[in-house]
Protein chains: 2
Amino acid sequence: MNADKIPDIIIGRLPIYLRALQRLSDKGVQNTSSQELGDMIGISAAQIRKDISQFGEFGKQGTGYSIPFLIERLQSILKVNRIWDVIIVGMGDMGHALARYNGFANRGFKVTMLFDNDPKKIGQKVNNLEIFSMDVLSEKIKQNRIKVAMLTVPASAAQEVSNQLVKAGVKAILNYAPTHLNVPPDVRVQHIDPATHLQRMTYYL
Amino acid sequence: MNADKIPDIIIGRLPIYLRALQRLSDKGVQNTSSQELGDMIGISAAQIRKDISQFGEFGKQGTGYSIPFLIERLQSILKVNRIWDVIIVGMGDMGHALARYNGFANRGFKVTMLFDNDPKKIGQKVNNLEIFSMDVLSEKIKQNRIKVAMLTVPASAAQEVSNQLVKAGVKAILNYAPTHLNVPPDVRVQHIDPATHLQRMTYYL
DNA sequence: AATATTTTGTACAATCAGGCACAAACGGTC
DNA sequence: GACCGTTTGTGCCTGATTGTACAAAATATT
């Protein structure tokens, strides 16, 4: 085990491995190899072995990896061997879609609260969750010790809302607004911007 | 100019630069420096200068970069100085949200067709666009020479639909299904999976 | 039991990416 | 016109990342 300082680029691949392993597990497969896993997800076998070996010797020569065991290890490393309560701020179309998404369930997350500043939306329910006013955002975050938020407000409001989230104690923000967020170093941000992702591909067309 | 072989990691940053520049431009700013831009988006000034200089000498010592000029150059490099017709396959909540998203307009893309295999959805309109049957997917893609698609079908169907897209001529796929897609080397894929993005952050909590 | 096959974990090598620092160029001021 | 402050583009260096190859370990086969 070499837990001192794992590069972020390796951490970023672990969820990919985990997703593929869960897929294999769902199909009833019990064992796999770095070769098979690599073929599945388009990553070299050596890279997978090296990444995994950063955290311990989880495989066995000759037979590869036990899928249930490796899943358990990766979940534990990524801290998704528990359920994180997640909030959604901004109940436009994207917020709605995420609130109704059922893909979080077995991956360590549960959407527990929704927020918007539109009086017409406040009090309504989406997927059995009430939409709260932004006025109670900070209070609710602190009360429920929320650490993870998805931000689906317009770009013009994103930085200000982000500041509120951080001030209330949120440490991980999944940002759907097409703008950069300025946050303190102890807060993590991941950006999802379809136009940016598309532009990254058109270069090659 | 050194166009031989630009690393993908640099291409990936250009849309970020472009987005920030357009934001400045919208505020009426005419000039900027690598320093200012870097502070905005959390990237070192040296990196920005080096990335941009891969494509030519767009700046001027002492004064920095002309924003309209740099925007024009980046759009041209990324081939978004035109409008790409984009289709959405899979009209669940995410497909709906993307169909109604108005953030593509000035960034080089326009959603022009929607597809689903649910007879109840076929023929309905979303954002003034009719939902077509999957039966006509290939035909419509070829007819309209579609190169870019957003894939918002369930994971279980993603690979098969992806095959259809590729066979019909699509070269860039924005994949919202939580699964890896196997495509030929001349097809680009970008993955958007909220659970994966979240798991990448929980490690640090 | 001996041999062949598979597969891991890692040492080493090679490549890639990012930061530093500075000459050169530009605009403004005196 | 000389000087000053600013900012680019780039050469060099360092550190990070990936690929190669192989010993060791496990299983399968004869």
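Side chains included, hydrogens not; waters and symmetry mates left out as well; all remaining heavy atoms used. Computed from a predicted structure; not experimentally measured. Proteins get letters first, then strands, A, B, ... in listed order; numbering begins at 1 in each.
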Asker: Identify, residue by residue, the members of residues 32-50 of chain B with a heavy atom below 4.0 Å from DNA chain D, and return them in order of residue number, or none.
Answerer: B/Ser33, B/Ser34, B/Arg49, B/Lys50

Asker: Atom NZ of B/Lys5 to atom C1' of C/dC16: distance rounded to whole Å?
Answerer: 13 Å

Asker: Below 3.5 Å between N/O atoms, which protein atoms pair up with nucleotides 26-30 of chain C? Just atom names and distances, please.
Answerer:
{"from": "C/dC26", "atom 1": "O4'", "to": "B/Gln61", "atom 2": "O", "distance (Å)": "3.2"}

Asker: Show me the side-chain donor-acceptor pairs of residues 84-93 of chain B shorter than 3.5 Å, one per line, residues at least two apart or across chains.
Answerer:
{"from": "B/Trp84", "atom 1": "NE1", "to": "B/Lys79", "atom 2": "O", "distance (Å)": "2.7"}
{"from": "B/Asp93", "atom 1": "OD1", "to": "A/Arg100", "atom 2": "NE", "distance (Å)": "3.2"}
{"from": "B/Asp93", "atom 1": "OD2", "to": "A/Arg100", "atom 2": "NE", "distance (Å)": "2.9"}

Asker: Taking only side-chain N and O atoms of A/Tyr65, does any of them lie within less than 4.0 angstrom of OP1 or OP2 on C/dG9?
Answerer: yes

Asker: Have a look at B/Ile10 and say if it touches a base, only the backbone sugar-phosphate, or nothing, with a 4.0 Å heavy-atom cut-off.
Answerer: nothing

Asker: Apply ring pair (Phe, Tyr, Trp, His ring centres under 6.0 Å) to B/Phe69 and list each qualifying residue two or more places apart in sequence or on a separate chain.
Answerer: B/Phe58

Asker: How many Å lie between CD1 on A/Ile9 and C1' on C/dC16, as a whole number?
Answerer: 11 Å

Asker: How many Å lie between CD1 on A/Ile11 and P on D/dA16, as a whole number?
Answerer: 15 Å

Asker: In whole Å, I'd like the distance from the CG atom of A/Asp51 to the P atom of D/dA16.
Answerer: 16 Å

Asker: Partners of B/Val136 by side-chain contact (heavy atoms from CB on, under 4.5 Å), sequence neighbours excluded?
Answerer: B/Phe115, B/Phe132, B/Glu139, B/Lys140

Asker: Checking B/His180 now: which residues fulfil ring pair (Phe, Tyr, Trp, His ring centres under 6.0 Å) with it, not counting sequence neighbours?
Answerer: B/His191

Asker: Considering only residues two or more places apart or on different chains, which pairs with a residue in residues 22-38 of chain A satisfy salt bridge (charged side-chain N to carboxylate O under 4.0 Å, His left out)?
Answerer: none

Asker: First locate atom OG of B/Ser138, then atom CD of B/Gln143, and finally report the distance between them rounded to the nearest 0.5 Å.
Answerer: 10.0 Å

Asker: Let me know the distance between CG of B/Asp8 and C1' of C/dA17, rounded to the nearest Å.
Answerer: 13 Å

Asker: Listed by chain and number, what are the side-chain contact (heavy atoms from CB on, under 4.5 Å) partners of B/Asn81, not counting sequence neighbours?
Answerer: B/Gln75, B/Ser76

Asker: Pull out every residue in residues 14-26 of chain B that has a heavy atom closer than 4.0 Å to any atom of DNA chain C, ordered by number, or say none.
Answerer: none

Asker: Side-chain polar contacts of residues 192-201 of chain A - donor-acceptor pairs under 3.5 angstrom, sequence neighbours left out - could you list them?
Answerer:
{"from": "A/Asp193", "atom 1": "OD1", "to": "A/Ala195", "atom 2": "N", "distance (Å)": "3.1"}
{"from": "A/Asp193", "atom 1": "OD1", "to": "B/Arg107", "atom 2": "NH1", "distance (Å)": "3.3"}
{"from": "A/Asp193", "atom 1": "OD2", "to": "A/Thr196", "atom 2": "OG1", "distance (Å)": "2.7"}
{"from": "A/Asp193", "atom 1": "OD2", "to": "B/Arg19", "atom 2": "NH1", "distance (Å)": "2.8"}
{"from": "A/Asp193", "atom 1": "OD2", "to": "B/Arg107", "atom 2": "NH1", "distance (Å)": "3.1"}
{"from": "A/Asp193", "atom 1": "OD2", "to": "B/Arg107", "atom 2": "NH2", "distance (Å)": "3.1"}
{"from": "A/Thr196", "atom 1": "OG1", "to": "B/Arg107", "atom 2": "NH2", "distance (Å)": "3.0"}
{"from": "A/His197", "atom 1": "ND1", "to": "A/Asp193", "atom 2": "O", "distance (Å)": "3.0"}
{"from": "A/Gln199", "atom 1": "NE2", "to": "B/Arg107", "atom 2": "O", "distance (Å)": "3.0"}
{"from": "A/Arg200", "atom 1": "NH2", "to": "B/Asp8", "atom 2": "OD2", "distance (Å)": "3.0"}

Asker: Please indicate whether B/Asn128 has more than 12 foreign heavy atoms, meaning atoms of other residues, nucleotides or ligands, lying under 6.0 Å from its CG.
Answerer: no

Asker: To the nearest Å, how far apart are A/Arg13 CZ and D/dT17 P?
Answerer: 9 Å

Asker: Return each pair, listed once, that meets ring pair (Phe, Tyr, Trp, His ring centres under 6.0 Å) where at least one residue sits in residues 5-37 of chain A; pairs must be two or more places apart or across chains.
Answerer: none

Asker: Tell me the interatomic distance from B/Glu57, atom CD, to C/dA23, atom P, rounded to whole angstroms.
Answerer: 18 Å

Asker: Describe the nucleic acid contact of B/Ile52 in one word from base, sugar-phosphate, nothing, applying a heavy-atom distance below 4.0 Å.
Answerer: nothing

Asker: Does B/Asp39 have any side-chain hydrogen bond (donor to acceptor under 3.5 Å, both in side chains) partners at least two apart in sequence or in another chain, and if so, which?
Answerer: B/Gln35

